[in-house]
Peer 1: 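Sending over a structure as structure tokens; questions will come in a sec.
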Protein chains: 2
Amino acid sequence: MATIKDVARVAGVSVASVSRVLNNGPKVSKATIEKVTRVMQELNYSPNANARALVTQKSTTLGVVIPNLVDPFFASLAQGVEQVARQKNMQLLLSTGLVSAETEMQAINLLIERRCEVMVIHSKKLSDQALIALANQVPGLVLIDRYIEAIAQRCIWLDNLEGGRIAARHFLALAHKNVACISSKYQIDDPRLRLQGFQSELLSAGVDIEPELIAYGEPTLQGGEIAVQKLLASGKSFSALFVYNDAMAIGAISALEDNGFKVPSEISVLGFDDVLLSRYSRPKLSTLNYPVEEMAIHAASIGIDLASKQPKNTANINCKYIPSLVKRESTSFNLT
Amino acid sequence: MATIKDVARVAGVSVASVSRVLNNGPKVSKATIEKVTRVMQELNYSPNANARALVTQKSTTLGVVIPNLVDPFFASLAQGVEQVARQKNMQLLLSTGLVSAETEMQAINLLIERRCEVMVIHSKKLSDQALIALANQVPGLVLIDRYIEAIAQRCIWLDNLEGGRIAARHFLALAHKNVACISSKYQIDDPRLRLQGFQSELLSAGVDIEPELIAYGEPTLQGGEIAVQKLLASGKSFSALFVYNDAMAIGAISALEDNGFKVPSEISVLGFDDVLLSRYSRPKLSTLNYPVEEMAIHAASIGIDLASKQPKNTANINCKYIPSLVKRESTSFNLT
DNA sequence: CAAATATAGGTAAACGTTTACCCTTGTTTC
DNA sequence: GAAACAAGGGTAAACGTTTACCTATATTTG
């Protein structure tokens with residue numbers, strides 16, 4: 001593969017000149033630009049990004065660390081980051097397959113080795129401490145979907161507590177008194193906060209959830225189906241069901257209908273996340289929109305700013321997002 | 001950030017020795033290994049991958065070029081490639097947002113600049129010629145979901161024609177005689193071949209599709225809904241419907257049910273791709289499985305082999321995949 | 001017309017590694 | 001006890017760029 005030296009030799013100029021036309025630098029005559037450009041095409045020259053990165057000390061690379069890509073939630077996240085990468089002429093380095101704190105750390109370390117200047121990290125396994133240390137080491141590191149007090153201005157997160165409250169208010173507005181809830185069996189912050197917000201808001205309106213009407217399951221379609229079985233097995237009746245995420249909610253609707261319950265006329269079901277699925281289900285799922293792509297774009301932008309020499313936004317940037325209710329077809333007024 | 005020289009200085013050895021422990025090279029005593037390792041941790045040393053790539057002339061980087069990530073089909077593709085990247089200790093460079101031959105070319109050129117040794121490309125816009133030229137330039141380049149005679153052993157593709165035939169045989173086996181079809185309005189190879197295989201197989205069984213019962217639309221949920229309207233507007237009746245992809249098929253089912261047709265008892269609907277959605281729809285969608293993740297893994301593996309010094313598999317590798325019928329709930333025996 | 005100033009372009013150091021080649025020391029072999 | 005060899009480790013060139021600094025020519029200025 002042709003190098004800058006080859007181009008310089010053939011064009012009869014110094015490598016400095018070639019470098020200058022490559023970077024639209026000053027101090028090159030029009031004639032030289034043309035000549036060099038022509039030779040570059042002739043030799044099919046492609047500048048070596050690794051050499052460039054080495055000497056300029058910047059890799060023009062944007063890293064994303066997510067658990068996987070098949071979950072449309074994370075795909076949207078990655079897509080958002082990619083979008084700003086492309087716009088800023090940077091390239092995306094993607095790591096997935098994170099199952100433990102160790103693999104997460106490993107993925108991040110690989111990005112550091114590549115001298116990736118900005119990184120958007122979705123980590124649920126690494127400790128606050130570890131992430132704070134990392135953040136101090138990598139100026140362009142931003143956390144998404146996680147809040148850590150000590151590095152608050154580097155966190156882009158969704159207010160899950162408020163999400164739960166919004167869900168509760170929706171059900172209250174629809175006159176539901178007997179409500180049930182399906183949460184994730186993985187008791188990380190998200191499900192806990194959603195449930196907490198939901199419960200507390202209901203309670204302050206005088207509505208209590210019976211303990212038998214809270215079920216936990218895998219955050220998947222099947223998990224939702226199974227969780228509904230549990231709820232029904234309790235023998236308690238309910239007219240509204242708040243589910244941890246859309247996949248579970250769709251599974252829940254399936255199971256409810258299989259058991260002869262009509263959604264939403266007999267039971268209203270509300271999901272969370274507003275992923276693609278929710279628009280494809282029947283009835284179309286009412287849910288809470290998690291603006292993940294927008295948040296990812298925001299995170300990447302902050303990361304780029306932070307990684308630059310003089311970051312502008314030191315504080316007072318809004319890092320907290322509030323989910324919004326998307327009323328579709330799976331929730332309706334309680335007529336019982 | 002600490003460099004190899006810093007480590008060498010602090011540990012009181014030469015940079016060569018540090019490099020050797022870094023690479024588990026020979027000619028290092030156990031004592032040196034320990035000492036150097038300790039200093040590395042002390043200084044929080046991280047080897048510079050760009051410098052390494054420069055001197056070794058290999059980037060341990062695997063590139064993926066796809067139109068987008070939100071389409072679960074492409075997400076699966078990327079996931080498959082990522083899987084082998086991780087397993088081979090390489091990193092994923094991802095490019096999306098391809099709308100034209102130009103942007104596709106641009107994305108590939110960026111990968112070349114990074115000296116990405118293996119690339120898995122999903123291109124629908126670039127010409128055969130351009131791709132052949134690229135393939136000759138980049139040994140580790142593999143095409144996925146496309147077949148080009150001249151570089152056949154670098155193409156991993158699905159036999160869409162056979163897919164259409166399989167769909168036809170399924171309907172024939174279910175005794176359907178009045179069949180309809182929804183194709184994509186974008187007449188690239190995939191929809192054309194699927195339709196062609198479908199039609200020809202039906203024809204050889206004496207079943208003809210009336211021209212009014214072939215509709216074209218955007219390959220999306222809405223596109224499927226609209227296409228069904230067109231079919232119904234024709235006034236012709238049909239008992240089986242083969243749809244270009246799952247998203248359209250789910251839209252089609254929605255529209256059919258909205259018009260009072262029961263699926264599958266009155267009309268059978270068969271999709272294509274077997275993306276996540278098909279398992280979440282009601283009724284669960286019968287479809288043709290496109291083993292995209294498996295194919296992506298295969299593509300990445302071939303790419304890695306091709307990029308190595310002495311590729312093993314020169315020919316006789318199977319690059320053609322056949323979709324398989326996944327019978328779920330949206331197709332049934334014709335009782336009319 | 002000399003001096004000052006632009007303008008274009010060249011030279012070489014630097015970025016952080018790897019690795020071929022060389023040197024030292026100690027051990028084995030006869 | 002000399003010769004051969006093995007083991008550990010150091011020196012320096014090379015990878016392909018960018019860029020600070022320098023030089024040479026042309027142009028402007030008084």
Side-chain angles (χ1 to χ4, degrees), chain A residues 1-37 39-40 43-61 89 91 109-117 309, chain B residues 1-37 39-40 43-61 89 91 109-117 309:
Chain A
M1 180 152 277
T3 73
I4 200 174
K5 287 180 194 165
D6 299 321
V7 175
R9 189 167 30 74
V10 175
V13 298
S14 72
V15 292
S17 289
V18 178
S19 176
R20 288 195 261 259
V21 342
L22 209 51
N23 299 290
N24 304 312
K27 310 211 259 185
V28 251
S29 68
K30 217 150 187 289
T32 307
I33 292 179
E34 271 174 31
K35 188 171 39 172
V36 169
T37 308
V39 173
M40 279 178 172
L43 300 185
N44 195 20
Y45 170 71
S46 167
N48 186 318
N50 297 123
R52 282 179 142 175
L54 182 58
V55 64
T56 60
Q57 302 280 49
K58 53 180 57 173
S59 69
T60 58
T61 261
N89 283 312
Q91 259 183 303
N109 276 331
L110 283 179
L111 294 180
I112 293 179
E113 289 188 7
R114 286 252 138 78
R115 297 299 185 265
C116 192
E117 36 245 328
K309 301 308 158 212
Chain B
M1 179 153 278
T3 73
I4 200 174
K5 286 179 195 167
D6 299 321
V7 176
R9 189 167 30 74
V10 175
V13 298
S14 72
V15 291
S17 289
V18 178
S19 175
R20 288 196 262 258
V21 342
L22 209 51
N23 299 290
N24 303 312
K27 311 211 263 186
V28 251
S29 67
K30 217 150 186 289
T32 308
I33 293 179
E34 272 173 32
K35 187 172 39 173
V36 169
T37 309
V39 174
M40 280 177 172
L43 301 185
N44 195 19
Y45 170 72
S46 167
N48 185 318
N50 297 122
R52 280 179 143 177
L54 182 58
V55 64
T56 59
Q57 302 279 50
K58 53 182 59 174
S59 69
T60 59
T61 260
N89 283 311
Q91 258 184 304
N109 276 331
L110 283 179
L111 294 181
I112 293 178
E113 289 188 8
R114 286 249 138 78
R115 297 300 184 266
C116 194
E117 36 245 328
K309 300 310 157 210

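Order of the sequence lines sets the chain letters (A, B, ...), proteins ahead of strands, with each chain counted from 1. Computed from heavy atoms alone, side chains included, the values below leave out hydrogens, waters and symmetry copies. Note that this is a predicted model, so its numbers are computed, not measured.
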Peer 1: B:Tyr45 or A:Thr32: which one's nearest nucleotide on DNA chain C is closer to the 5' end?
Peer 2: A:Thr32

Peer 1: Between C:dG16, C:dT11, C:dT18, spot the one nearest the side chain of A:Ser14, thanks.
Peer 2: C:dT11

Peer 1: Give the rounded distance in Å between these two atoms: CG of A:Asn48 and P of D:dA14.
Peer 2: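 About 18 Å, once rounded to whole Å.
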
Peer 1: Does A:Thr56 have a side-chain nitrogen or oxygen under 4.0 Å from the phosphate oxygens OP1 or OP2 of C:dC15?
Peer 2: no

Peer 1: Do other residues, nucleotides or ligands put more than 12 heavy atoms under 6.0 Å from the NZ atom of A:Lys35?
Peer 2: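 Yes, NZ of A:Lys35 has more than 12 neighbouring heavy atoms, counting only those of other groups under 6.0 Å.
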
Peer 1: For B:Val15 and for A:Val18, locate the closest nucleotide of DNA chain D by heavy-atom distance; then report the residue assigned to the nucleotide nearer the 5' terminus.
Peer 2: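 Whichever sits nearer the 5' end wins; that is B:Val15.
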
Peer 1: Atom CG of A:Leu54 to atom P of D:dA14: distance rounded to whole Å?
Peer 2: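 To the nearest whole Å, that distance equals 17 Å.
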
Peer 1: What's the closest nucleotide to the A:Ile4 side chain, out of C:dG10, D:dT18, C:dT17?
Peer 2: D:dT18

Peer 1: Please give, in whole Å, the distance from C:dG16 P to A:Arg115 CZ?
Peer 2: 8 Å

Peer 1: For a quick check of understanding: with a heavy-atom distance under 4.0 Å over all strands, which category does A:Ser19 fall into, base, sugar-phosphate or nothing?
Peer 2: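 Here A:Ser19 touches the bases of the nucleic acid.
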
Peer 1: Nearest to the side chain of B:Asn23, heavy atoms from C-beta on, is which of D:dT11, C:dG10, C:dT18?
Peer 2: C:dT18

Peer 1: Round to the nearest Å and state the distance from B:Asn50 atom CG to D:dG16 atom P.
Peer 2: 15 Å

Peer 1: Checking side chain to side chain donor-acceptor pair (under 3.5 Å) for the pair B:Ser46/A:Arg114: CA distance, chi angles, key distance, verdict?
Peer 2: CA-CA 9 Å; B:Ser46 167; A:Arg114 286 252 138 78; over 6 Å; no

Peer 1: Mind calculating the distance between CD (A:Glu113) and P (C:dC15) to the nearest angstrom?
Peer 2: 20 Å

Peer 1: Report the nucleotide, chosen from C:dG9, D:dT18, D:dG9, that has the shortest atom-to-atom distance to any side-chain atom of A:Val28.
Peer 2: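 The listed nucleotide nearest to A:Val28's side chain is C:dG9.
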
Peer 1: By the 4.0 Å heavy-atom rule, please label A:Pro26 as base, sugar-phosphate, or nothing.
Peer 2: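 Counting heavy atoms under 4.0 Å across all strands, no contact is made by A:Pro26.
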
Peer 1: Between A:Lys27 (NZ) and D:dT25 (P), how many Å, whole number?
Peer 2: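 Computing the A:Lys27:NZ to D:dT25:P distance gives 17 Å.
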
Peer 1: Look at the side-chain N and O atoms of B:Thr3 and state whether any lies under 4.0 Å from the OP1 or OP2 oxygen of C:dG16.
Peer 2: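 No.
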
Peer 1: For B:Lys27 and B:Arg20, which heavy atoms make the closest approach, and how far apart are they?
Peer 2: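 Closest pair (atom of B:Lys27, atom of B:Arg20, distance): O-NE, 3.9 Å.
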
Peer 1: Given atom CZ of A:Arg20 and atom P of D:dG16, what is their separation to the nearest angstrom?
Peer 2: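 After rounding, the gap between these two atoms is 20 Å.
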
Peer 1: Rounded off to whole Å, could you give me the CE-to-P distance for the B:Met1 and C:dC15 pair?
Peer 2: 16 Å

Peer 1: Any luck finding a side-chain donor-acceptor pair between B:Glu117 and B:Ser59 under 3.5 Å?
Peer 2: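 Note: B:Glu117 and B:Ser59 side chains meet the donor-acceptor criterion.
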
Peer 1: For C:dA14, does either OP1 or OP2 sit under 4.0 Å from a side-chain N or O belonging to A:Gln57?
Peer 2: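 Result: no.
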
Peer 1: With A:Met40 as reference, evaluate A:Asp6, A:Val10, A:Ile4, A:Val7 under the side chain to side chain contact (heavy atoms under 4.5 Å, CB included) test and give the passing residue.
Peer 2: A:Val7

